[in-house]
Amino acid sequence: MTDENSLTLPMSRIKKIVKLDPEHISSTETANYMLGIATELFVKQLTNDALEITKGRNKKKVMYSDMQQAVSRSDAYSFMRDLVPKKIPVGELVRKGIIRVRPADMDKINNEQLDDTVEEDNTV
């Protein structure tokens, strides 16, 4: 009935993830298989949406920023907006007084050697 070989995701992982839900009672093999198919279709669509943004930038490599833009532009991904936030350069956050860094790291920021970015929720 279900052909596990047609899934890219291992069925054993799907079962483990389903069992992580505290409200989970049990699910059939067919239901787990359908969850796998739905997950793969979702990932494929999100990847294609990010790829379109990548192509629009005339690039060949999908970057985090492409995924973030795909999520922020589509209402279909609104539930993911907290999971895929916009990244902000650390130096910019320091200059705006949003975060503080150790004095030793201030020189790196002032010399723009610190290229790290943080999520929009200000976690480093």
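What you see is a predicted model; the values in this text were computed from it and never measured. Count residues from 1 along the sequence.
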Please test Arg57 against Asp66 for salt bridge (charged side-chain N to carboxylate O under 4.0 Å, His left out), starting from the C-alpha separation and ending with a verdict.
-> CA-CA 9 Å; Arg57 295 184 307 112; Asp66 301 325; 2.8 Å; yes
Look up atom [atom1] in [X] and atom [atom2] in [Y], then write down how far apart they are to the nearest 0.5 Å.
| X | Y | atom1 | atom2 | answer |
| --- | --- | --- | --- | --- |
| Asp49 | Gln45 | CG | CD | 4.5 Å |
| Arg73 | Gln68 | CZ | CD | 9.5 Å |
| Leu35 | Ser27 | CG | OG | 7.0 Å |
| Thr39 | Leu9 | OG1 | CG | 6.5 Å |
| Glu29 | Ile14 | CD | CD1 | 10.0 Å |
| Ser72 | Tyr77 | OG | OH | 11.5 Å |

With hydrophobic residues grouped by side-chain heavy-atom distances under 4.5 Å, do [X] and [Y] end up in a single group?
| X | Y | result |
| --- | --- | --- |
| Ile98 | Val94 | yes |
| Leu51 | Val84 | yes |
| Ile53 | Tyr64 | no |
| Leu41 | Met11 | yes |
| Val18 | Leu7 | yes |

Can you name the closest pair of heavy atoms from Thr54 and Lys61 and give their distance?
-> CG2-O, 3.4 Å
Looking only at non-hydrogen atoms, find the nearest pair between Ala50 and Val62 and report the distance.
-> CB-CG1, 4.0 Å
Output yes when a side-chain donor or acceptor of Ser74 lies under 3.5 Å from a complementary backbone atom of Ala70, and no otherwise.
-> no
Give the ring-plane orientation class for Phe79 versus Phe42, where under 30° counts as parallel, over 60° as perpendicular and anything between as tilted.
-> tilted
Side chains of Asn48 and Glu52: donor-acceptor distance under 3.5 Å anywhere?
-> no
With a 4.0 Å cut-off, would you call Glu40 and Lys44 a salt bridge?
-> no
Does Arg81 CZ have over 12 foreign heavy atoms under 6.0 Å away?
-> yes
